[in-house]
Amino acid sequence: MRIFPKKTPFFLLAVLILTAAYFLCRSNESKKLFGNINLMENPERYSISIISDSSMAVTLSYNGEQWLVNNAYEANEERIENLLYLLSHVEWLNPIPQNMQESVTRKLHCKGFLVAINKDDKLQGKAYIMEESSVGLLGAAKDGEVFLLGTGGYEFDILSTLSAEPAFWCANQIFTFPIESLREVCVKHIAMPGESFCIHLDNGSKPVLTTLNDTLPQSYDEILMKRYLTYFGNVFVDKMIAGGAGEQHALKNDLQHVIQITSPTETCTVACIGLKTPEGNYDTDKFLLYHYEKNRWALASWVRFDLLLKNYSHFLKNAESL
């Protein structure tokens, strides 16, 4: 009498394959530094905190539309993507030799980054991460054993991927709203007030040029003005910096230009501030930039901003096209 049907061996084989696959997946999950966390999925439920040896700290979170730095500033999308990929793929490899554990642990806690991931405001995992030039990437759970880490094929550079400095994570684009939403652009030249100007737009109508006190010129070049307005869509600073007493002093004493752009819902005002060299001259390459509304400082290049710092006379009829 047959107890099992003939297809039973195939059924058992399928069960064995599925069981092996399950445990293999579980094994792979257990190798992940932060477990089975997918930061790419439902990012609004997660926040990431990074703390450095100098007690500097930053928190990165998603508000449903964009990642924010310390819940205040737009984040650099490329750097966020690199971080999310790294944290989702970094995994434990082999523990370092036992006789090195204590000294490396001390170094890890002093010179590494403590990365903590929260989901729905609950801690999901935290670990120290450090790159040692002679060994590679090292990591450890708090007070745990130090392991070599793998990055799943990701070419990891700790200096360009991990930082506890808020300025490192801030977006480098200054004017973030769409060019088509512009309603007014004003540029004030401190040394040449007569060359200051405003360009007014109203619901897609032709641009109107005035001085800062609303004086209309007899004739101006609309094509030059329209070309000029497109420049605001691709303006980046070199890097965000922390402002201090020196920057505030420069804002008061070395202000050279003020650019203000307005949309129906937002105003953005930035100051271009001369950067003094050790010899006391103004740097011809770099300058300080201050964003009034967001209280943010940056280092910028004149070559990127020269197109925005046109003079009033540039737009007059018969002006040379630059």
Side-chain angles (χ1 to χ4, degrees), residues 29-40 43 45-62 66-97 100-172 239-242:
E29 286 179 11
S30 67
K31 291 181 179 179
K32 294 293 181 65
L33 182 60
F34 293 102
N36 191 27
I37 292 177
N38 186 353
L39 295 167
M40 310 287 190
R45 300 182 64 184
Y46 291 97
S47 65
I48 303 166
S49 297
I50 305 172
I51 303 173
S52 73
D53 59 297
S54 59
S55 297
M56 185 172 287
V58 65
T59 298
L60 307 170
S61 57
Y62 191 75
Q66 61 187 355
W67 282 87
L68 298 176
V69 180
N70 290 340
N71 205 34
Y73 309 122
E74 302 99 325
N76 183 305
E77 292 184 8
E78 183 178 353
R79 288 180 173 173
I80 290 291
E81 288 176 3
N82 288 340
L83 177 69
L84 297 184
Y85 187 90
L86 172 72
L87 297 183
S88 297
H89 291 81
V90 67
E91 59 186 19
W92 306 108
L93 295 180
N94 301 316
I96 65 171
M100 297 175 58
Q101 285 284 338
E102 184 176 348
S103 61
V104 175
T105 297
R106 285 198 300 267
K107 182 183 287 189
L108 195 63
H109 287 192
C110 291
K111 297 186 177 182
F113 293 99
L114 176 58
V115 181
I117 299 178
N118 290 279
K119 183 179 182 181
D120 299 329
D121 297 324
K122 294 182 179 179
L123 182 65
Q124 298 297 298
K126 59 182 177 181
Y128 286 92
I129 300 177
M130 180 183 75
E131 190 171 32
E132 184 68 38
S133 58
S134 60
V135 180
L137 197 62
L138 300 173
K142 186 173 174 59
D143 301 324
E145 190 174 16
V146 181
F147 278 73
L148 287 172
L149 299 179
T151 56
Y154 175 74
E155 294 185 3
F156 178 82
D157 175 14
I158 198 167
L159 294 178
S160 61
T161 310
L162 273 180
S163 176
E165 281 194 56
F168 175 88
W169 296 103
C170 289
N172 287 357
K239 66 176 181 178
M240 310 305 297
I241 61 173

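Note that the structure is predicted; figures quoted are calculated from it, not measured.
Contact of the I48 side chain with the L84 side chain is registered, since non-hydrogen atoms from C-beta on lie closer than 4.5 Å.
In terms of the side chain to side chain contact (heavy atoms under 4.5 Å, CB included) criterion, residue partners of N172 (sequence neighbours excluded) are, by chain and number, N76, F236, V237, M240. Residues meeting the side chain to side chain contact (heavy atoms under 4.5 Å, CB included) test with E165, sequence neighbours left out: M56, S163, F168. With sequence neighbours excluded, the residues that form a side chain to side chain contact (heavy atoms under 4.5 Å, CB included) with Q124 are I37, K119, K122. Remark: W169 engages no residue in a ring-ring contact (aromatic ring centres under 6.0 Å, His included) (not counting sequence neighbours). With sequence neighbours left out, the ring-ring contact (aromatic ring centres under 6.0 Å, His included) criterion links F34 to no other residue. Remark: D120 engages R45 in a side-chain hydrogen bond (donor to acceptor under 3.5 Å, both in side chains) (not counting sequence neighbours). For P43, the side chain to side chain contact (heavy atoms under 4.5 Å, CB included) partners are Y62, W67, not counting sequence neighbours.
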| task | Begin from the C-alpha positions of L149 and L93 and carry the test side-chain contact (heavy atoms from CB on, under 4.5 Å) through to its verdict. | result | CA-CA 5 Å; L149 299 179; L93 295 180; 5.8 Å; no
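For the atom pair CE of M130 and NE2 of H109, the computed distance is 10.0 Å after rounding to the nearest 0.5 Å. Put simply, CG on N82 and CG on L87 are 10.5 Å apart, with the number rounded to the nearest 0.5 Å. With rounding to the nearest 0.5 angstrom, the CD1 atom of I117 is 10.0 Å from the OG atom of S49. Separation of atoms CG (L162) and CD1 (I129) is listed at 5.5 Å; rounding is to 0.5 Å. Here CD1 of I51 is found 8.5 Å from NZ of K126. Values are rounded to the nearest 0.5 Å. Taken from CG in L138 to CE in M100, the straight-line distance is 8.0 Å, to the nearest 0.5 Å.
A donor-acceptor contact shorter than 3.5 Å links the side chain of N118 to the backbone of L123.
Within 6.0 Å of the CD atom in E78, the count of heavy atoms belonging to other residues, nucleotides or ligands does not exceed 12.
In terms of heavy-atom proximity, P95 sits nearest to E145 at CB-OE2, 3.4 Å. When all heavy atoms of L39 and S88 are compared, the closest pair comes out as N-OG, 3.7 Å. Heavy-atom minimum distance, S47 versus T59: CB-CG2, 4.4 Å.
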